[in-house]
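Below is one structure, written out as structure tokens, with a few remarks after it.
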Amino acid sequence: MSNPTLRIGLAGLGRLGRRYAENLARTVPRASLDAVCSPVDEEVAWARDTLGVSRHYSDYRAMLADPALDAVFLVTPTSLHAEQIEQALDAGKHVFCEKPLSLDLATCLHTVEHAKRYPQLRAMVGFVRHFDASYRDAKARIEAGGIGRPFMVYSQTADKLDPTGAFVKFAPTSGGLFLDCSVHDIDLARWLLGRPAVKRVYAIGTAAMYPELEPIGDIDNGAAVCEFVDGSMAMFYASRTQAHGHDTHTDIIGTAGKLSVGRNPRADRVEIADAYGVRSLSVPSFFERFEEAFQAQCVHFIDAVLDNKPFDLTLEDAAEATRIAVALRESRQSGKPIDL
Ligand SMILES: NC(=O)c1ccc[n+]([C@@H]2O[C@H](COP(=O)([O-])OP(=O)(O)OC[C@H]3O[C@@H](n4cnc5c(N)ncnc54)[C@H](O)[C@@H]3O)[C@@H](O)[C@H]2O)c1
């Protein structure tokens, strides 16, 4: 008999961590959110007062020493992910971590190796789009031969413009546009094309609205192409400056057809006809678009751990996504294609 619930400690209660906390405390079956950790007192107080979480830590290592936790969820800044995964495994905890694994390939590979020391423990880096119903449907259709042999993916991650420019502050620690945003599309392209090995990449970009990104080596709009050794291809577009909303979509083209996921980013099924024409409102952010997928991702992790089933994603996949994203950034900065 498997355990009825997974006893979880969550580290990171920021923009996304709060959403995880709500999901784990309220809606995800077989999850028991027993502890939270954040260096910010107000964040911990929020989890206590709003969700009734009983155990609180300001220090991550102290939470890891809690013997009544089976697993940790990491929704902490990206720069901490790899080390915190390794520390969780050393402490005997299963670990789920938000993307990306690390901004640096050598660090990713170190964590991949470290995890091999603990075959009894499970570690996964979440790429939420794998758990979106439409992407899963597309994957199933591809596997059933619905579009013949897939050979081309176009995928974009395009955020609605935040007129406060808050992302500029975050830019120096984000790894840049390709590592922060295109890493999702890279992971999707590999998954949907059957994980071919990458051969060569080339990327360009511009600071179309935020020139202050240039001195720190970043951009607000970028485009890239990626060749795989089996002849398949991918194109990526990433943006932080869309006027209309969060516009994330993917096309998969095969020898016998094409699948498009999320092409119209409309928020709902309402069509407004008025003096401005006929239109729909757009999804405002990644969270509204992928709200259900974030829950499904938690369910996937918890079921896999409790029922000893495989994850859809491996740590090696996460390392490969970082490897390709770093190459895109280097290509954009050098102006040259990069052979991998
Ligand atoms: N999958 C997606 O679409 C998606 C979207 C947004 C963010 N993310 C990822 O989620 C992660 C968090 O992003 P965010 O926007 O919520 O960031 P955030 O800055 O809003 O939150 C970070 C949280 O970590 C806490 N923290 C900092 N140091 C800590 C430590 N040592 N121990 C424990 N907690 C610590 C902070 O107090 C804060 O609560 C990032 O890695 C980001 O890439 C993924």
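Counting starts at 1 for both ligands and their atoms, in listed order. Everything numeric in this text was worked out from a predicted model, so none of it was measured. Side chains are part of it too, since the values below use all heavy atoms of this structure and drop only hydrogens, waters and symmetry mates.
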* Looking at residues at least two apart in the chain, or sitting in another chain, which of them share a side-chain hydrogen bond (donor to acceptor under 3.5 Å, both in side chains) with Arg136? ->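 Partners of Arg136 under the side-chain hydrogen bond (donor to acceptor under 3.5 Å, both in side chains) test: Asp312.
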* **Partner residues of Arg19 under the side chain to side chain contact (heavy atoms under 4.5 Å, CB included) criterion, sequence neighbours left out** =>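 In terms of side chain to side chain contact (heavy atoms under 4.5 Å, CB included), with neighbours along the sequence ignored, Arg19 is linked to Leu16, Glu22, Phe287.
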* Above 12 or not: heavy atoms from other molecules or residues under 6.0 Å from CD of Glu83? ->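 Atom CD in Glu83 is not crowded, with 12 or fewer foreign heavy atoms closer than 6.0 Å.
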* **Within 6.0 Å of CZ in Arg323, more than 12 heavy atoms from elsewhere** =>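 Correct, the count exceeds 12.
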* Asked: Judged by modelled atom types alone, do Tyr118 and Asp90 share a side-chain donor-acceptor pair under 3.5 Å?
  ->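 Asp90 and Tyr118 do have a side-chain donor-acceptor pair below 3.5 Å.
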Just list the N/O pairs, ligand 1 to protein, that are under 3.5 Å apart, with the distance for each.
residue  : atom   : partner : partner atom : Å
ligand 1 : 1 (N)  : Glu98   : OE1          : 3.1
ligand 1 : 3 (O)  : His184  : NE2          : 3.4
ligand 1 : 15 (O) : Arg15   : NE           : 3.1
ligand 1 : 15 (O) : Arg15   : NH2          : 3.4
ligand 1 : 16 (O) : Arg15   : N            : 3.4
ligand 1 : 16 (O) : Leu16   : N            : 2.9
ligand 1 : 20 (O) : Arg15   : N            : 2.9
ligand 1 : 37 (O) : Ser38   : OG           : 3.2
ligand 1 : 37 (O) : Glu43   : OE1          : 2.9
ligand 1 : 39 (O) : Leu13   : N            : 2.8
ligand 1 : 39 (O) : Gly14   : N            : 3.0
ligand 1 : 39 (O) : Glu43   : OE1          : 2.5
ligand 1 : 39 (O) : Glu43   : OE2          : 3.2
ligand 1 : 41 (O) : Thr76   : O            : 3.3
ligand 1 : 41 (O) : Thr78   : OG1          : 2.8
ligand 1 : 41 (O) : His81   : NE2          : 3.0
ligand 1 : 41 (O) : Lys99   : O            : 3.4
ligand 1 : 43 (O) : Thr78   : OG1          : 3.4
ligand 1 : 43 (O) : Lys99   : O            : 3.0
ligand 1 : 43 (O) : Lys99   : NZ           : 3.3

Give every donor-acceptor pair under 3.5 Å between a side-chain atom in residues 36-43 and any protein atom, sequence neighbours left out.
residue : atom : partner : partner atom : Å
Ser38   : OG   : Val40   : N            : 3.0
Ser38   : OG   : Glu43   : OE1          : 2.6

